[in-house]
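Please read the structure below before turning to the comments.
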Amino acid sequence: MRRLLFATQKLDPDDPVLGATVPMVRALAARLDELVVLCDSAVPGAAPDGVRVHEFGAPTQPQRGAKFVRALAEELGDRPIGFVAHMVPLYAVLAAPLVRPRAIPLVLWYTHWKGHAVVRAAEKLCTAIVSVDERSFPLRSAKVHGIGHGIDVGEFSCSDAPGGEQLRVLVLGRYSPAKGLETILRGAALAGAHVEAHGSDATFEQYKRSLLTLVRELGADAELSSPVPRTELPQLFARSHVLVNNMRAGAPDKVVYEAAASCLPVLASNPVFDDLLADDLRFERDDPEGLAARLRALARRRRPELRGLVQANHSVEHWADSLLATVERR
């Protein structure tokens, strides 16, 4: 019996950041006899049919940790093929004393540029690590396997490019210095483009205020708005000419692949996108003039070849197959 334990933060299809976990869980469940999801919380109906959810939410982190360990111990009676920690290295660290003595594979999925102490501990304890690309894991390790991103291509479709004379630039993600938003605002202003940005400022309120000041100083045509539910992404893509992403080198933002799955042109600076984006869709991270030149030269048409590349290398089906192959590799 192929039974897998999968730990993640939340199951909520409308969550702007974590909603993409639901298609991943669905794809894994379709390939297993049983999938058990351990999570902090799950909205009613979020788990696909046949998936058993074990919530460990609690008011404090120590209480959540204790409930997580108890939940995991209860699920080890019937031996699973492995335990997967999704984006939270602490889950792998907490699980290791229970699963490693039983010779149960311990796998971490992690795609982020921060290699803090918990990530370093998880790297030592895990049997394998999976990420989008070997470069999207912050530490050099022989345990890392690049398996692509898990994009539910079926959630997105190609639409006609919008009309209008002014170029419409879409920016999605947290208002964080790591996103390089100053370069995007400056480049778009030089190109005379309209910017529509959506993201959270919960951690970087002062940074967002500095961006609003920059918009006023530039006289830029830009809206810096709140995050939107994932279910609204197709409408955002449909009314935009291009998505611009300036995330620092390392972990690639999932939204780039989601936009590409919608055939929306994407301009990005992160070198990890070199398997997706041709040279005419790349720019240097701290070069607003270069970005402006790319925006001016951009053909206002959809790019169906991008959707094909996502389907081949970054679909949720490809991700699930590759993850399970890693778990079961001996």
Side-chain angles (χ1 to χ4, degrees), residues 4 6 8 17-32 82 84 86-87 107-113 128-159 170 172-173 230 233-234 237 242-283 301-329:
L4 180 72
F6 183 88
T8 190
V17 177
L18 300 173
T21 308
V22 175
M24 291 176 161
V25 166
R26 186 183 305 117
L28 287 171
R31 290 157 171 77
L32 295 164
V84 175
H86 175 260
M87 282 303 296
V107 177
L108 170 66
W109 161 261
Y110 191 74
T111 171
H112 202 282
W113 56 271
I129 297 164
V130 284
S131 191
V132 177
D133 183 285
E134 290 182 3
R135 297 167 293 177
S136 62
F137 186 73
L139 309 176
R140 295 181 68 119
S141 172
K143 295 180 180 181
V144 178
H145 305 273
I147 65 170
H149 233 316
I151 306 302
D152 186 359
V153 179
E155 286 187 356
F156 306 97
S157 60
C158 297
S159 61
L170 180 64
L172 297 173
R230 275 186 49 78
L233 288 182
F237 295 151
V242 60
L243 177 90
V244 178
N245 183 272
N246 198 26
M247 179 66 182
R248 61 176 290 172
D253 280 341
K254 180 184 282 284
V255 71
V256 168
Y257 299 100
E258 293 170 332
S262 301
C263 306
L264 181 66
V266 178
L267 293 176
S269 61
N270 193 333
V272 175
F273 293 121
D274 57 9
D275 72 333
L276 178 69
L277 303 177
D279 288 346
D280 66 318
L281 297 177
R282 310 295 299 281
F283 65 95
R301 63 177 180 84
R302 293 319 200 206
R303 302 288 290 259
E305 70 275 16
L306 296 180
R307 180 180 175 88
L309 289 170
V310 174
Q311 181 68 64
N313 302 314
H314 299 280
S315 70
V316 71
E317 294 83 9
H318 179 276
W319 177 88
D321 288 337
S322 300
L323 174 60
L324 291 174
T326 304
V327 169
E328 296 181 302
R329 185 179 295 127

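Residue numbers start at 1 and run along the sequence shown.
The minimum heavy-atom distance between Arg307 and Cys158, with the atom names listed, is CD-SG, 3.7 Å. Thr8 and Thr21 make their closest contact through OG1-CG2, 3.7 Å (heavy atoms, listed as atom of the first residue, atom of the second, distance). Scanning both residues, Asn246 and Ser269, for their nearest heavy atoms gives OD1-OG, 2.6 Å. Nearest heavy atoms, Leu243 versus Val255: CD2-O, 3.9 Å. Considering all non-hydrogen atoms of both residues, Pro234 and Phe156 come closest at CG-CD2, 4.2 Å. The nearest pair of heavy atoms linking Arg302 to Pro304 is O-CD, 3.3 Å.
Side-chain atoms of Leu277 and Leu306, non-hydrogen and from C-beta on, do get closer than 4.5 Å to each other. Using a 4.5 Å cut-off on side-chain heavy atoms (C-beta onward), Val153 and Glu317 make no contact. Residues Val310 and Leu276 form a side-chain contact, since some pair of their non-hydrogen atoms from C-beta on lies under 4.5 Å apart. Looking only at side-chain heavy atoms (C-beta outward), Arg282 and Pro271 come within less than 4.5 Å of each other. With contacts defined as side-chain heavy-atom distances shorter than 4.5 Å, the pair Glu258/Asp152 does not qualify. With contacts defined as side-chain heavy-atom distances shorter than 4.5 Å, the pair Leu281/Phe273 does not qualify.
Applying the salt bridge (Lys or Arg N to Asp or Glu O under 4.0 Å) rule to Arg303 yields the partners Asp280, Glu305; only residues at least two apart in sequence or on another chain are considered.
Between atom CG of residue Leu18 and atom CZ of residue Arg230 there is a gap of 10.0 Å, rounded to the nearest 0.5 Å. Distance check: Leu32 CG to Leu4 CG gives 5.5 Å after rounding to the nearest 0.5 Å. Atoms CD1 and CD1, on Ile129 and Ile147 in that order, are 12.0 Å from each other to the nearest 0.5 Å. If you take NE2 on His149 and OG1 on Thr111, they are separated by 5.0 Å, rounding to the nearest 0.5 Å.
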**OP:** Any chance you could lay out the side chain to side chain contact (heavy atoms under 4.5 Å, CB included) test for Met24 and Val84, step after step, and finish with the verdict?
**Re:** CA-CA 12 Å; Met24 291 176 161; Val84 175; over 6 Å; no

Original post:
Which is it for Leu28 and Leu324 under the side chain to side chain contact (heavy atoms under 4.5 Å, CB included) test, yes or no, and what are the steps along the way?
Top reply: CA-CA 8 Å; Leu28 287 171; Leu324 291 174; 3.9 Å; yes

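Judged by distance alone, the side chain of Asn270 and the main-chain N or O of Ala249 form no donor-acceptor pair under 3.5 Å. Here the side chain of Ser141 pairs a donor or acceptor atom with the backbone of Lys143 at under 3.5 angstrom.
Of the candidates Leu323, Val132, Thr326, Trp109 forms a side chain to side chain contact (heavy atoms under 4.5 Å, CB included) with just one, namely Val132. The one candidate from Tyr110, Phe6, Trp319 that meets the ring-ring contact (aromatic ring centres under 6.0 Å, His included) condition with His86 is Phe6.
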